[in-house]
Number of protein chains: 2
Amino acid sequence: MQNEIAILREHLADHELRVTSQREMILETFLKMEHVTAEQLYHALAKHKPHIGLATIYRTLNLLCECGLAQQRNFGTQTHYDNISRKGHHDHMICTKCGTIIEFENCDIEELQEEVARQHDFHITTHKLELYGQCSTCHG
Amino acid sequence: MQNEIAILREHLADHELRVTSQREMILETFLKMEHVTAEQLYHALAKHKPHIGLATIYRTLNLLCECGLAQQRNFGTQTHYDNISRKGHHDHMICTKCGTIIEFENCDIEELQEEVARQHDFHITTHKLELYGQCSTCHG
DNA sequence: CTTTCTGCAAAAGCTTTGCATTACA
DNA sequence: TGTAATGCAAAGCTTTTGCAGAAAG
């Protein structure tokens, strides 16, 4: 966690932006949760003093994406934000019945992605893989 | 194309919905385009008589998703709709510099996805894979 | 002290919905 | 001739933006 805060601070310094208690508090809470929405963060921080507005949450989440700590995902109607620094890249299975989200990682798939990219002379910087279907409790 | 119209008609019949000139016209235009937005379809059909409203486009695109002819994708801010019946499933590389979208298909990746799903006792019904980066003309 | 940040409220986009009219079956 | 579909406009949601006051450097 100290590491992530350092990354954020460095990014802020590089862009002549300021370290604020809100930004650090949002990052701290973000790191404790998984594929979170802005709304969820807002509620998680509701008791915080001083009060943190939704606009600040969005602004800070965009900052986190810029410095490589977070990545946006569009599962349903709302945008989810994923921590990609600590756990490394991972992908998702989404149960379309109960909404459960299972995270997984697979190096072989990533390897094949690189191969496909090479065939098209394309340089991958990031990717998103989502499997939709039914989880074990939902397909009887 | 006759095939897709048949699929739509069957879906409509099964659900006691009606065949209309708008629905068939929207499907016909949809099949001619790639990863299209509702807005783009609306403009493509602007000259059509009678005039087709944006709400009808959205309603019909949702129908096409329900009967397996289309799939939603969230590339940027707008939702794109993909034809998944004729070409089978395919995935995308998106150039973050120029916005070019390259389509590809890779059976080996799909094979590995099934394997990962089996490990988690998960049944895949559909998936989305997007590779972000720079295309050949953008990475010098 | 200057410039950035914040919270609030208003605005902006995309998509959905309500309703009167039109059109399918 | 009854029910569903359409077009329009209004509403709904999520996200962004403008602005005056607060805070960082």
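Basis for what follows: all heavy atoms, side chains included, without hydrogens, waters or symmetry-related copies. The shown structure was predicted, so the numbers you read here are calculated from the model rather than taken from an experiment. Order of the sequence lines sets the chain letters (A, B, ...), proteins ahead of strands, with each chain counted from 1.
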Fill in the blank from the handout: Residues passing the side-chain contact (heavy atoms from CB on, under 4.5 Å) test with B/Thr79, sequence neighbours excluded, are B/Gln72, B/Asn74, B/Tyr81
Exercise for the section: Rounded off to whole Å, could you give me the CG-to-P distance for the A/Leu54 and D/dT14 pair? Expected result: 10 Å
Handout entry: Heavy atoms from other residues, nucleotides or ligands near CD of A/Glu10 exceed 12 (cutoff 6.0 Å)
Key = no
Which atom pairs, donor and acceptor, lie under 3.5 Å between side-chain atoms of residues 20-29 of chain A and protein residues at least two apart or in another chain?
unit_1	atom_1	unit_2	atom_2	d
A/Thr20	OG1	A/Arg23	N	3.1
A/Arg23	NH1	A/Arg18	O	2.8
A/Glu24	OE1	A/Arg9	NH2	3.1
A/Glu24	OE2	A/Arg9	NE	2.7
A/Glu24	OE2	A/Arg9	NH2	2.8
A/Thr29	OG1	A/Met25	O	2.9

Exercise for the section: Give every residue pair that meets the salt bridge (Lys or Arg N to Asp or Glu O under 4.0 Å) criterion with at least one member in residues 119-140 of chain B, sequence neighbours excluded. Expected result: none
Exercise for the section: For residues 58-75 of chain B, pull every pair meeting salt bridge (Lys or Arg N to Asp or Glu O under 4.0 Å), keeping only residues two or more places apart or in separate chains. Expected result: B/Arg73-B/Asp82
Exercise for the section: Return the set of residues passing salt bridge (Lys or Arg N to Asp or Glu O under 4.0 Å) with B/Arg118 (not counting sequence neighbours), or none when no residue passes. Expected result: none
Fill in the blank from the handout: Residues pairing under salt bridge (Lys or Arg N to Asp or Glu O under 4.0 Å) where one sits in residues 41-57 of chain A, two or more places apart or in two chains, turn out to be none
Handout entry: Which residues share a side chain to side chain donor-acceptor pair (under 3.5 Å) with B/Asp91, sequence neighbours left out
Key = B/His89, B/His127
Exercise for the section: List for me each residue that meets side chain to side chain donor-acceptor pair (under 3.5 Å) alongside A/Thr96, sequence neighbours excluded, and say none if there are none. Expected result: none
Fill in the blank from the handout: Taken to the nearest whole Å, CD/B/Gln22 to P/D/dA4 is 17 Å
Problem - Nearest-0.5 Å distance, CG of residue B/Asn106 to NE2 of residue B/His90 - result: 14.0 Å
Practice task
Give a yes or no on whether the ring-centroid distance for B/His51 and B/Tyr42 is below 6.0 angstrom.
Solution key: yes
Problem - Min side-chain heavy-atom separation A/Leu8-A/Leu64 under 4.5 Å - result: yes
Practice task
Could you tell me whether a side-chain N or O of A/Thr125 sits under 3.5 Å from a main-chain N or O of B/Tyr132, the two making a donor and an acceptor?
Solution key: yes
Exercise for the section: Specify the residues of residues 36-52 of chain A, ordered by number, for which at least one heavy atom lies under 4.0 angstrom from an atom of DNA chain C. Expected result: A/His51, A/Ile52
Between the protein and nucleotides 22-25 of chain D, list the N/O to N/O atom pairs that are separated by less than 3.5 angstrom.
unit_1	atom_1	unit_2	atom_2	d
D/dA24	N3	A/Arg18	NH1	2.8
D/dG25	OP1	A/Val19	N	3.2

Fill in the blank from the handout: Bounded by its outermost nucleotides with an atom under 4.0 Å from a heavy atom of chain A, the footprint on DNA chain C reads C/dT3 to C/dC8
Exercise for the section: Mind running a 4.0 Å heavy-atom check of residues 55-66 of chain B against DNA chain D and sending the residues that fall below it, in number order? Expected result: B/Ala55, B/Thr56, B/Arg59
